[in-house]
Amino acid sequence: MDDMDTRPTELSLFSGTGGGLLATQHRTVCYVEVDAYCQRVLQARIADGMLDDAPMWDDVRTFDGKPWRGCVDLLSAGFPCQPFTAAGKRIGEHDERNLWPETIRVIREVGPRWCLLENVPGLLAHGYFGTILGDLAESGFDVAWKVLSAAELGAPHKRDRLWIVSNAVGEGQSDT
């Protein structure tokens with residue numbers, strides 16, 4: 001990556017195959033993705049120049065965000081939806097796949113100016129949504145959210161998604 005690249009920086013949790021990163025057009029400084037297939041796709045997109053060359057970490061549960069503090073404008077995360085989706089058991093914090101606690105830990109360690117979080121609309125009807133909002137507020141973020149469908153953005157299918165946008169209050173970096 002060119003040292004003169006002035007794009008805002010992004011740390012991507014639950015990176016998937018990088019489609020969301022193409023949309024933000026920020027300079028990715030780190031990828032965190034557990035799925036081996038997704039890692040291979042990310043590596044291929046890095047090799048062909050579609051995505052930024054940056055370190056890749058394989059598990060959010062062992063990722064240390066502290067070295068990234070002060071280096072990240074946006075932290076993006078589509079944290080796992082299985083604990084909250086209407087298609088599942090909806091057991092929230094009791095579901096071993098609930099990785100919100102790891103997500104907020106990394107947000108607190110990194111202290112980004114902005115967070116862009118994505119999940120299923122079913123999260124809104126789940127009591128755990130209040131925990132997420134409370135965690136973000138306690139970490140120094142103002143929060144807004146909206147459900148948008150893919151069709152609203154021009155796709156030929158509906159697929160509703162919950163988008164949570166939060167910005168750090170004050171000097172731009174969270175202190176917690």
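Just so we're clear, the structure is a prediction, and the values are computed from it rather than from any experiment.
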Value for CZ (Arg105) from CG (Leu99), rounded to nearest 0.5 Å, stands at 10.0 Å
Margin query: Donor-acceptor check, side chain of His26 to backbone of Thr24, threshold 3.5 angstrom: yes or no?
Written below: yes
Output for pair (Cys115 SG, Leu11 CG), nearest 0.5 Å, gives 10.0 Å
Side chain to side chain, Phe79 and Leu117, heavy atoms closer than 4.5 Å: yes
Nearest heavy-atom approach of Gln43 to Met56 is CG-CE, 3.8 Å
(request) Could you check Trp114 against Val165 for side chain to side chain contact (heavy atoms under 4.5 Å, CB included), going step by step and ending with a plain yes or no? (result) CA-CA 7 Å; Trp114 293 89; Val165 178; 4.0 Å; yes
Rounding to 0.5 Å, atoms CG (Asn119) and CG (Leu124) come to a distance of 9.5 Å
Shortest non-hydrogen pair, Ala168 vs Pro112, comes out as CB-O, 3.7 Å
Please answer: with hydrophobic residues joined when any side-chain heavy atoms are less than 4.5 Å apart, are Ile107 and Leu123 in the same cluster? yes
Separation between CZ (Arg61) and CD (Glu102), nearest 0.5 Å, reads 7.5 Å
Can you find a pair of side-chain heavy atoms, one from Leu162 and one from Val120, that are under 4.5 Å apart? no
**Message:** Same cluster or not: Val32 versus Leu21, using hydrophobic residues (I, L, V, M, F, W, Y) connected whenever any side-chain heavy atoms lie under 4.5 Å apart?
**Reply:** no
- Message: Applying side chain to side chain donor-acceptor pair (under 3.5 Å) to Trp57 and Thr62, what does each step give before you reach the verdict?
- Response: CA-CA 9 Å; Trp57 196 264; Thr62 60; 3.0 Å; yes
Sorted by chain and residue number, the side chain to side chain contact (heavy atoms under 4.5 Å, CB included) partners of Val41 (sequence neighbours excluded) come out as Thr17, Tyr37, Arg45
So do the side chains of Ser76 and Leu13 get within less than 4.5 Å of each other, counting heavy atoms only? no
- 4.5 Å side-chain heavy-atom contact, Leu51 and Thr28: no
The complete set of salt bridge (charged side-chain N to carboxylate O under 4.0 Å, His left out) pairs with one or both residues in residues 151-166, sequence neighbours excluded, reads Glu118-Arg161, Lys158-Asp160
Asp135 and Trp100, any side-chain heavy atoms less than 4.5 Å apart:
yes
Are Leu75 and Leu22 joined in one hydrophobic group, where the rule is that I, L, V, M, F, W and Y side chains link up if heavy atoms are under 4.5 Å apart?
no
Handout entry: Check against ring pair (Phe, Tyr, Trp, His ring centres under 6.0 Å), Trp145 and Phe129
Key = CA-CA 11 Å; Trp145 62 91; Phe129 187 57; 5.2 Å; yes
query = Hey, does Glu10 have a side-chain heavy atom less than 4.5 Å from the side chain of Arg27?
reply = no
task = Using modelled atom types only, decide if a donor and an acceptor are shared between the side chain of Thr9 and the backbone of Cys71 within a distance under 3.5 Å.
result = yes
Quiz prompt | Trace of the side chain to side chain contact (heavy atoms under 4.5 Å, CB included) decision for Ile164 with Leu136 | solution = CA-CA 10 Å; Ile164 304 167; Leu136 288 165; 4.2 Å; yes
In terms of heavy-atom contacts, Arg7 and Gln25 come closest through CD-O, 3.4 Å
Give the intermediate values and the outcome of salt bridge (charged side-chain N to carboxylate O under 4.0 Å, His left out) for residues Asp73 and Arg113. CA-CA 5 Å; Asp73 296 305; Arg113 286 191 245 175; 2.5 Å; yes
- Task: With side chain to side chain contact (heavy atoms under 4.5 Å, CB included) as the test, would you mind laying out the steps for Val147 and Trp163 before giving the verdict?
- Result: CA-CA 6 Å; Val147 174; Trp163 294 94; over 6 Å; no
Between Ser139 and Arg108 the two heavy atoms that sit nearest each other are OG-NE, 2.6 Å
Pairwise side-chain contact, Val34 with Val60, heavy-atom cut-off 4.5 Å (strictly under): no
As a quick check of understanding, evaluate side chain to side chain donor-acceptor pair (under 3.5 Å) for Tyr31 and Asp52, giving each step before the final call. CA-CA 10 Å; Tyr31 305 90; Asp52 297 303; 5.1 Å; no
Review point. Relative to the ring of Trp68, is the ring of Phe63 parallel (under 30°), tilted (30 to 60°) or perpendicular (over 60°)?
Key: parallel
On a heavy-atom basis, the closest approach of Pro80 and Phe14 is CD-CE2, 3.7 Å
Scanning both residues in full, the closest heavy-atom pair of Gly16 with Cys38 reads O-CB, 3.3 Å
